[in-house]
Amino acid sequence: MLELTISAETEEPRDCKICATKNAGFNYGVQSCNSCKMFFRRALDTSKMITCKKEENCNILDPEGSKCRFCRFHKCVLVGMKFIDSPQDPSAIINDLLHKDWTRNQHFLTGKAASTVKFKDIFERGVFLFEKKSEDTVFDFYEWGVMNHLTCINFETSLSFMKYLSKSDLTCVLKSSHLLYMIFVTAWRSYTAKKEFMCHPDGSDIFPSEVEPSAYNEKLINEIRCYLLSCLICLRVTEEEFLLLGVIIVCNPGIPDLSQTGRMLLASYQSMYGQTLQRYCSFKYGSNAGALRYLEIISLSTAIARCHSAIANFSTLFPIHQPQHVKVNLFTEILAFLIK
DNA sequence: ATTCAAGGCCAG
DNA sequence: CTGGCCTTGAAT
């Protein structure tokens, strides 16, 4: 009787939660064999993309599916393997973001989109090719807009957690979060240039020149131009706060259509960046004022969402009020895809 | 954590 | 078919 209970309890739960090998140990917080531990460690180490050649649902338990690195890695995540070293050094995280953001801004200020860029390539994973633009190049609204999209997407996809996401999850993230992030970047850029309304680096408008402001509700136009920017000015947002809130927005796990592993991955990274922001705030403002400050910065995302919704309203009204000025180009294609 | 031999995969 | 490169799992 006693013997039966022991054998029943000791044999089953010892299996590796990923590949079902007997006599698994305990690694990364999960019952797992040594091979899966090594596999997981290596998958985290490499900066290379891991992809599935089939449908991203290979069965790790059958010998055929067990060869798929993507599906094995995602099963590791699914059964709960911890993939973030905790706790992370806040200054290392911030420095990494500073560097990525600097690169984004350089591309935006000095580059132009390569002529080969097509709409269908934009939301795929990969590095965009930017060409140097000459000193005397003058961008119109649409050219600034395309560069803003491309450089922001390039930044977003360069974030460390993006390489873990499946193709469809990557598309979900970009489709739901990219425009919010780009709006925030545009407001930040105008804020650092000490402007009182949103504009491009050369001071040109964030509306196409053919837009006739009097055809629209003045409140709507002002909301897009000024509301978010006035929040940044009012809060005197620092660069670190901008960078961290930016990634917190990009790794929002609450967006629709994500796979379960995608949600878990994003949630962990969002929490890591959130903790970094908390620690930054309490370091900079003291622990009491820091807690309040953290909430103020987080609540900026409401202002970003408000601007986003105003832009969505505007782009619905534009073809109604000024149908003769509707254009089809790369910028309007991207916007239509994001707002639909 | 690092090292190593074996096996798989791809290009020539 | 062959050689080189990469991944893997077990041993150190």
Side-chain angles (χ1 to χ4, degrees), chain A residues 6-7 9-97 99-100 114 116 118 120-121 124-129 154 157-171 173 251 258-269 271-273 275-276 279:
Chain A
I6 289 169
S7 64
E9 273 184 348
T10 47
E11 276 187 41
E12 287 249 26
R14 288 258 194 145
D15 295 356
C16 168
K17 289 250 171 97
I18 295 107
C19 67
T21 305
K22 304 276 176 194
N23 297 321
F26 205 70
N27 307 294
Y28 294 100
V30 170
Q31 287 273 341
S32 51
C33 67
N34 201 43
S35 315
C36 288
K37 175 186 87 176
M38 288 304 304
F39 170 81
F40 193 64
R41 213 177 77 76
R42 284 166 173 151
L44 294 178
D45 259 348
T46 179
S47 58
K48 285 179 191 167
M49 270 289 307
I50 300 175
T51 54
C52 176
K53 287 174 183 167
K54 295 181 183 169
E55 315 295 317
E56 297 182 349
N57 60 359
C58 306
N59 182 6
I60 301 307
L61 298 178
D62 86 42
E64 196 56 33
S66 66
K67 289 176 193 154
C68 175
R69 307 183 66 217
F70 178 92
C71 295
R72 189 174 179 186
F73 179 77
H74 278 252
K75 182 144 186 206
C76 290
V77 173
L78 194 62
V79 298
M81 278 194 160
K82 267 188 70 69
F83 42 83
I84 299 177
D85 303 340
S86 58
Q88 296 252 315
D89 175 13
S91 59
I93 292 174
I94 290 171
N95 283 335
D96 173 58
L97 293 176
H99 176 255
K100 289 185 161 88
T116 51
K118 295 280 182 295
K120 66 174 176 57
D121 308 326
E124 300 272 318
R125 206 184 312 258
V127 182
F128 290 108
L129 291 174
N154 199 32
T157 53
S158 75
L159 292 169
S160 57
F161 54 87
M162 288 289 186
K163 68 169 189 279
Y164 304 133
L165 297 182
S166 68
K167 275 183 195 160
S168 57
D169 283 350
L170 178 78
T171 310
V173 169
C251 52
L258 275 181
S259 71
Q260 196 184 343
T261 50
R263 212 176 297 283
M264 291 169 75
L265 284 159
L266 291 180
S268 301
Y269 276 88
S271 143
M272 180 190 83
Y273 288 118
Q275 282 170 33
T276 307
R279 288 210 254 167

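Chain A is the first sequence line, chain B the second, and so forth, proteins listed ahead of strands; every chain is numbered from 1.
Although no hydrogens or angles enter the test, the distance criterion places a donor-acceptor pair under 3.5 Å between the side chain of A:H74 and the main chain of A:Y164.
Backbone-only engagement by A:R69 is indicated by non-hydrogen atom pairs under 4.0 Å involving sugar-phosphate atoms exclusively.
With contacts defined as side-chain heavy-atom distances shorter than 4.5 Å, the pair A:S160/A:Y269 qualifies. Put simply, the side chain of A:C68 does not reach to within 4.5 Å of the side chain of A:K54, judged on heavy atoms. Residues A:M162 and A:L170 meet the side-chain proximity criterion, which asks for heavy atoms closer than 4.5 Å.
Distance A:K53 NZ to B:dG8 P: 14 Å, rounded to the nearest Å. In this entry the distance linking NZ of A:K37 with P of C:dT8 reads 15 Å, nearest Å. The nearest whole Å value for the distance from the NZ atom in A:K67 to the P atom in B:dC10 is 12 Å. For the pair A:I60 CD1 and C:dG9 P, the computed distance is 11 Å after rounding to whole Å. Look at CZ on A:F70: it is 17 Å from P on C:dT7, rounded to the nearest Å. Rounded to a whole Å, the CZ atom of A:R41 is 14 Å from the C1' atom of C:dT7. Separating the NZ atom of A:K48 from the P atom of C:dC5 is a distance of 12 Å, rounded to the nearest angstrom.
Screening A:F40, A:F83, A:Y28 for a ring-ring contact (aromatic ring centres under 6.0 Å, His included) involving A:F73 leaves a single residue, A:F40.
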Can you check nucleotides 10-12 of chain C for protein contacts, nitrogen or oxygen pairs under 3.5 Å, and list what you find?
| unit_1 | atom_1 | unit_2 | atom_2 | d |
| --- | --- | --- | --- | --- |
| C:dA10 | OP2 | A:S35 | OG | 3.2 |

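Ranking C:dC6, C:dG9, B:dC10 by closeness to the A:R72 side chain, first place goes to C:dG9.
Shortest non-hydrogen contact noted between A:K75 and A:K17 is CE-O, 3.6 Å.
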